[in-house]
Amino acid sequence: MRNGWVVVGALGCALSAAPAQAGITGIEIASVEPFADGTEFGAAGSYERVVGTARGELDPADPANAGIVDIALAPRNARGMVEYKTDLFILRPKDPARGSGTLLFEVLNRGRKFLFNWVLDAPAQGAQAVNDPKTAVDAGTGLVLRRGYTIVWSGWEADALRQQGGMAIDVPVATRGGKPIVEVVRDELVSATRGPPEAPFYLTFKIASQDKTDARLTVRRRETDPPRPVPPDAWHFGTPRQIELLPKGTNPLPGSLYEFTYQATEPKVLGIGFAATRDVVAYLRGDAGGAANPTGGAIRHTLALGISQSGRYLRDFIQQGFNRDETGKRVFDGVLSHIAGVGGVFLNARFGQPSRTNTQHEDHLYPENTFPFSAASQHDPITGRRGSILREDGFDPLLIEANTGTEYWQKGASLLTTDPVGRTDVPLPDTARAYLVSSGFHYGRAGLTSTKGPCANPRSTLNPAPAVRALLVALEEWVKDGKAPPDSRVPRLAEGTLVEASDIGFPFMVGTPVPTVPNAIARFTTYVDPRPESGPQYRPLVPRVDADGNDVAGIRLPAVAAPRATFTGWNLYADPFPADALCDREGSQIPFARTRAERATTGDPRLSLEERYQDADAYVAAVTKSVDALVSDRLLLREDGDRMIAAARQGTP
């Protein structure tokens with residue numbers, strides 16, 4: 001034992017507990033080592049990295065597990081339980097007495113850790129992530145460490161890549177009567193926007209047969225175009241998980257949508273991922289395992305953070321009842337979902353595809369956006385149902401949902417705070433908040449440069465992380481002290497800041513294309529053969545902008561309140577991609593002219609920098625005014641505000 005922690009250094013040395021009920025049955029620690037060479041993080045002191053696995057089992061007869069699709073078809077052990085094994089990674093205070101007693105669980109995004117570079121401004125190690133945090137640089141601003149959190153990650157997505165520090169979960173394959181399950185599935189395959197630009201196409205599932213009569217490949221240029229069959233002699237099977245276009249070496253058309261419908265086999269029981277998260281957190285926050293528990297019984301409060309896909313995961317986690325553990329206790333006290341829009345994740349289904357994400361062009365006809373959308377309980381005039389993503393069963397967490405402009409254009413985020421057909425504003429319950437990070441975009445994080453890539457406009461570099469950090473602190477204070485966070489800040493119909501796309505008021509600039517419609521909330525029969533449903537449709541709306549083109553409502557960070565450019569949550573594809581379709585989840589960044597004469601030459605209606613700021617001191621004053629207002633409203637941390645003011649003094653935006 002060292003400083004209150006049990007240390008086990010050898011792979012496979014199990015710290016096992018034999019619970020009376022199902023759940024985590026053992027923790028296997030592969031390594032325990034100092035983090036950041038023993039760097040001290042404020043009052044919390046130094047940290048340790050704990051890497052290992054957690055083994056669990058589920059009782060298929062337990063009502064807490066009854067909603068897991070195909071759990072009844074999973075193999076069972078001698079006790080009649082369904083087993084799983086998940087990767088586990090913990091950063092904990094070396095001395096548990098110096099920790100805050102708060103567990104922060106970040107839901108992995110396709111197996112990747114986003115906390116450090118998407119929220120704490122650390123440089124990415126690769127694949128947009130910091131998957132193997134080892135140094136003080138990897139900790140970015142160090143906020144969560146200085147606040148004494150115990151930070152936990154565990155695998156939930158069975159097909160997430162484990163390369164380069166990725167994490168996943170091992171779950172059983174469902175069978176029927178001991179025989180493989182075979183069903184028709186559909187894979188959407190798109191090059192250069194969602195996949196590599198060259199052949200082959202990789203399939204989500206193992207094919208059941210290489211007989212081409214059981215498969216069909218089509219292609220279309222735009223999502224709304226009718227699909228055209230690709231003849232069987234123009235493609236062939238490579239491996240059981242890939243197909244190639246013929247003649248060999250033929251590459252797909254950039255941005256075009258190929259769809260492959262085929263007989264797939266060996267569906268994994270993917271919904272176990274929800275139960276694994278539930279059980280890992282319940283175990284770590286409880287007394288199970290005694291001194292063998294890697295958190296040592298030091299946890300008093302639990303927070304969850306999800307970014308993009310993992311934010312959608314958390315919305316489903318709550319709605320599907322997994323925030324109640326098998327002993328009848330709450331799992332997460334508070335949840336912060338960032339850039340999830342109104343979607344869920346295509347996980348708890350036979351042949352689910354949780355890595356899909358719906359946009360106007362890509363993955364548009366996959367399950368993601370279904371009622372209920374909001375934390376407010378309301379009636380849906382389209383389906384006739386009534387509901388909320390909160391269950392109102394005594395186990396709901398306190399909930400904060402933060403989104404950028406992208407989620408209004410691509411992910412229906414307006415439906416968080418309006419009725420389903422976008423006619424009236426809807427108040428959220430006292431236990432929920434919603435925020436727009438004004439003019440932000442989905443991929444926003446530190447260290448980006450403004451290039452065009454596949455888009456028509458230069459891509460945005462606006463970083464929403466300072467607002468997210470403030471909201472995370474506000475969530476902790478809400479959970480621990482009962483101090484309510486700031487009121488929701490979103491566009492409102494009643495205030496004229498939530499509008500149809502045609503009414504946003506974007507300034508006219510030659511050569512700057514502007515979208516005419518947001519991504520629709522698709523209603524269709526089945527994803528295998530998606531046929532749009534007629535009748536009333538959901539009505540997502542978008543933020544109105546000011547004379548500069550920046551969002552009027554929401555959390556206006558200094559880059560927007562004291563601007564040097566127009567930032568948007570949208571961009572459009574350019575040739576050779578499907579021009580005028582929304583460019584995935586990118587934003588635009590359009591700098592202001594430096595002088596009045598320069599903007600007159602180009603016909604730019606926006607004031608130039610010299611017209612806005614008389615000198616450098618005037619710009620610093622504008623940034624300082626914005627910072628002070630946001631800090632006062634608890635929407636920006638003072639340490640972040642001071643960094644922004646210092647950057648303004650140095651002449652950097």
Side-chain angles (χ1 to χ4, degrees), residues 102-109 113-115 118-119 144 147 149-154 156 273-282 284-285 299-325 329-345 347-348 372-377 387-403 407 411 413 416-417 428-435 437 464 467-486 488 490:
T102 296
L103 183 152
L104 174 63
F105 183 91
E106 187 201 359
V107 179
L108 297 158
N109 184 304
K113 304 176 184 72
F114 275 7
L115 170 66
W118 286 65
V119 178
V144 297
R147 295 187 73 83
Y149 295 175
T150 295
I151 310 161
V152 178
W153 298 265
S154 67
W156 63 267
F274 284 131
T277 296
R278 175 195 68 194
D279 293 347
V280 165
V281 175
L284 294 178
R285 78 171 297 172
I299 302 303
R300 296 183 296 277
H301 305 284
T302 52
L303 309 178
L305 170 69
I307 299 171
S308 190
Q309 178 211 36
S310 49
R312 293 185 284 116
Y313 173 96
L314 284 170
R315 286 170 54 85
D316 272 356
F317 183 90
I318 298 166
Q319 186 186 0
Q320 295 184 31
F322 289 97
N323 207 47
R324 178 190 185 276
D325 71 22
K329 296 179 181 177
R330 182 183 290 113
V331 178
F332 294 119
D333 300 315
V335 165
L336 172 53
S337 170
H338 178 49
I339 55 176
V342 296
V345 65
L347 175 69
N348 193 14
F373 304 118
S374 174
S377 180
S388 161
I389 65 165
L390 299 178
R391 296 172 65 87
E392 300 178 358
D393 58 0
F395 298 97
D396 289 328
L398 299 173
L399 176 65
I400 290 178
E401 298 194 83
N403 287 284
E407 288 70 57
K411 297 288 188 179
L416 294 173
T417 56
L428 297 180
D430 291 340
T431 57
R433 297 288 191 276
Y435 302 93
V437 182
V468 179
R469 292 194 286 271
L471 294 176
L472 181 59
V473 171
L475 179 64
E476 181 193 11
E477 293 173 342
W478 201 9
V479 165
K480 294 177 68 172
D481 307 322
K483 184 178 182 181
S488 295
V490 294

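Throughout, residue positions are numbered sequentially from 1 according to the sequence presented.
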Side-chain (D481) to main-chain (K483) donor-acceptor, under 3.5 angstrom
no

Rounded to the nearest 0.5 Å, what separates atom CG in L303 from atom NZ in K480?
8.5 Å

Can you find a heavy atom in the side chain of L103 that is under 4.5 Å from one in the side chain of V152?
yes

Return the NZ to CD1 distance between K113 and I151, rounded to the nearest 0.5 Å.
11.5 Å

D333/R285 salt bridge by N-O under 4.0 Å criterion
yes

Using the side-chain contact (heavy atoms from CB on, under 4.5 Å) rule, pick out the option among S310, S337, S308 that qualifies with V107.
S310

Between D325 (side chain only) and A282 (backbone N and O only), is there a donor and an acceptor less than 3.5 Å apart?
no

Non-hydrogen atoms of V144 and L472 that approach each other most closely
CG1-CD2, 3.8 Å

Is there a donor-acceptor contact under 3.5 Å from the side chain of R324 to the main chain of G394?
no

Donor-acceptor pair, N323 side chain versus F395 backbone, under 3.5 Å?
yes

Nearest atoms (heavy-atom pairs only) where G387 meets P372:
C-CB, 3.6 Å

Apply side-chain contact (heavy atoms from CB on, under 4.5 Å) to the pair R278 and F317, showing each step before the final yes or no.
CA-CA 9 Å; R278 175 195 68 194; F317 183 90; 4.1 Å; yes

Is a side-chain N or O of R391 found less than 3.5 angstrom from the main chain of S388, in a donor-acceptor match?
no

Do you know which two heavy atoms are closest between P397 and L390, and how far apart they sit?
O-CD2, 4.4 Å

Please report the shortest heavy-atom distance between T102 and I299, naming the atom on each side.
C-CD1, 4.4 Å

Under the side-chain contact (heavy atoms from CB on, under 4.5 Å) rule, what do Y435 and L471 come out as? Steps first, then yes or no, please.
CA-CA 9 Å; Y435 302 93; L471 294 176; 3.7 Å; yes

Hey, which of V335, L399, I389 is the one that makes side-chain contact (heavy atoms from CB on, under 4.5 Å) with R315?
I389

Nearest-0.5 Å distance, CD of residue Q309 to CZ of residue F114
8.5 Å

A434 versus T417, closest heavy-atom pair with distance
CB-CG2, 4.1 Å

Kindly determine whether N348 and D316 satisfy side-chain contact (heavy atoms from CB on, under 4.5 Å), including the steps that lead there.
CA-CA 9 Å; N348 193 14; D316 272 356; over 6 Å; no

If the plane angle is over 60° it's perpendicular, under 30° parallel, otherwise tilted; pick one for F322 and F274.
parallel

Supply the atom-to-atom distance F332 CZ to L475 CG, rounded to the nearest 0.5 angstrom.
11.5 Å

Heavy atoms of L314 and G306 approach each other most closely as CD1-N, 3.4 Å

Checking the side chain of E106 only, and the main-chain atoms of L115 only, is there a donor and an acceptor separated by less than 3.5 Å?
yes

Point-to-point distance, once rounded to the nearest 0.5 Å, from CG of D396 to CD of E392
7.0 Å

Do W478 and R433 have side-chain heavy atoms sitting under 4.5 Å apart?
yes

Is the backbone N or O of V331 less than 3.5 Å from a side-chain atom of T302, with the two atoms forming a donor-acceptor pair by type?
yes

How many angstroms lie between CG in L336 and CD in E401, if you round to the nearest 0.5 Å?
9.5 Å

Less than 4.5 Å apart, side chain to side chain, heavy atoms only: is that true for R469 and V119?
yes

Should E476 and R147 count as an ion pair when the cut-off is N to O under 4.0 Å?
yes

Could you check whether F105 and W153 have their ring centres less than 6.0 Å apart?
no

